[in-house]
Amino acid sequence: MKSAPVIAIDGPSASGKGTVASRVAARLGFHYLESGALYRLVALAGGDRPEQTAAGLDVEFRDQKVFLNKQDVTDSLRSEAIGVRASEIAGLAAVRAALLGRQRAFRQRPGLVADGRDMGTVVFPDAALKVFLTASAAARAQRRYKQLIDKGNHANLAALSRDLEERDQRDAAREVAPLKPAADAASVDSSDLTVDEVVDRVLKMYRERM
Ligand code: DC
């Protein structure tokens, strides 16, 4: 039997991948995998051996919430500090290997939209559609700033820009599964597009391919 179709959406931090991917999934009635959450969960769970933590993660995604060891960690997962730590841990090949099967298990009928850094290159190389979503550094910093402020967090735009840039450089420079477009990915720059416009573009490309 043919496996369920996958739409892979990769790109740098705060490029809008998460919002776009979850809306595309909702429009198609597909499952949704936010792979970054898994790396964030390993960071949050802590421990001296991240690869062991990754292999033994007790995690559940339910009703748009994330539970680690049965506790709701949806909000703590989003902090910048956890994002930075997740990016460090994500450079370890053993951690990536430990999370691979867990990510592929999300591929179920009728289909999956997956966002991250290596969805199209490593995790789902046979994805039906691969999108590399970018946005200017200024647009991305501004978006992340607004996200944090809207949630009542303290944020500093200059510090955020610096963090994003460092994180993307680390994600792109690592040896295993670096952040880069798959050879057959369609690049979309969302700097001057609304979320709806990006979602429509992705859906159009998907329909054209199917
Ligand atoms: O998408 P995000 O910002 O929540 O991801 C947090 C970190 O996890 C990111 O800086 C790099 C890492 N990551 C990864 O290496 N591969 C993925 N597929 C997703 C995230």
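Numbering of ligands and ligand atoms starts at 1, following listing order. The figures that follow rest on heavy atoms only: side chains count, while hydrogens, waters and symmetry mates do not. Numbering starts at 1 and runs along the sequence shown.
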For [atom], the protein heavy atom that lies nearest, with its residue and separation:
atom	result
atom 8 (O) of ligand 1	Tyr39 CB, 3.5 Å
atom 19 (C) of ligand 1	Ser35 OG, 3.4 Å
atom 1 (O) of ligand 1	Arg117 NH1, 2.8 Å
atom 16 (N) of ligand 1	Arg96 NH2, 3.0 Å
atom 4 (O) of ligand 1	Arg40 NE, 2.6 Å
atom 12 (C) of ligand 1	Ala90 CB, 3.6 Å
atom 6 (C) of ligand 1	Arg167 NH1, 3.6 Å

Select one of side chain, backbone, both or neither to describe which atoms of Glu166 lie under 4.0 Å from any atom of ligand 1, heavy atoms only. neither

Atoms of ligand 1 less than 4.0 Å from [X] heavy atoms?
X	result
Lys17	1 (O)
Met119	18 (N)
Asp171	9 (C), 10 (O), 11 (C)
Gly116	18 (N), 19 (C)

Are any of the N/O atoms on [X], whether in the backbone or the side chain, positioned under 3.5 angstrom from an N/O atom of ligand 1?
X	value
Asp118	yes
Ser13	no
Gln103	no

Main-chain N/O of Asp115 paired with Lys17 side-chain donor or acceptor, under 3.5 Å: no

Scan Asp189, Asp168, Asp163 and name whichever one has a salt bridge (Lys or Arg N to Asp or Glu O under 4.0 Å) with Arg140.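 One option only clears the test, and that one is Asp168.
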
More than 12 non-hydrogen atoms from neighbouring residues, nucleotides or ligands closer than 6.0 Å to CD on Glu165, yes or no?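 Atom CD in Glu165 is not packed in, count stays at 12 or less.
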
For Arg201, does the CZ atom sit with more than 12 other heavy atoms under 6.0 Å from it, leaving out its own atoms? no

Please walk me through it: do Arg78 and Asp75 pass salt bridge (charged side-chain N to carboxylate O under 4.0 Å, His left out)? CA-CA 6 Å; Arg78 303 276 156 235; Asp75 289 338; over 6 Å; no

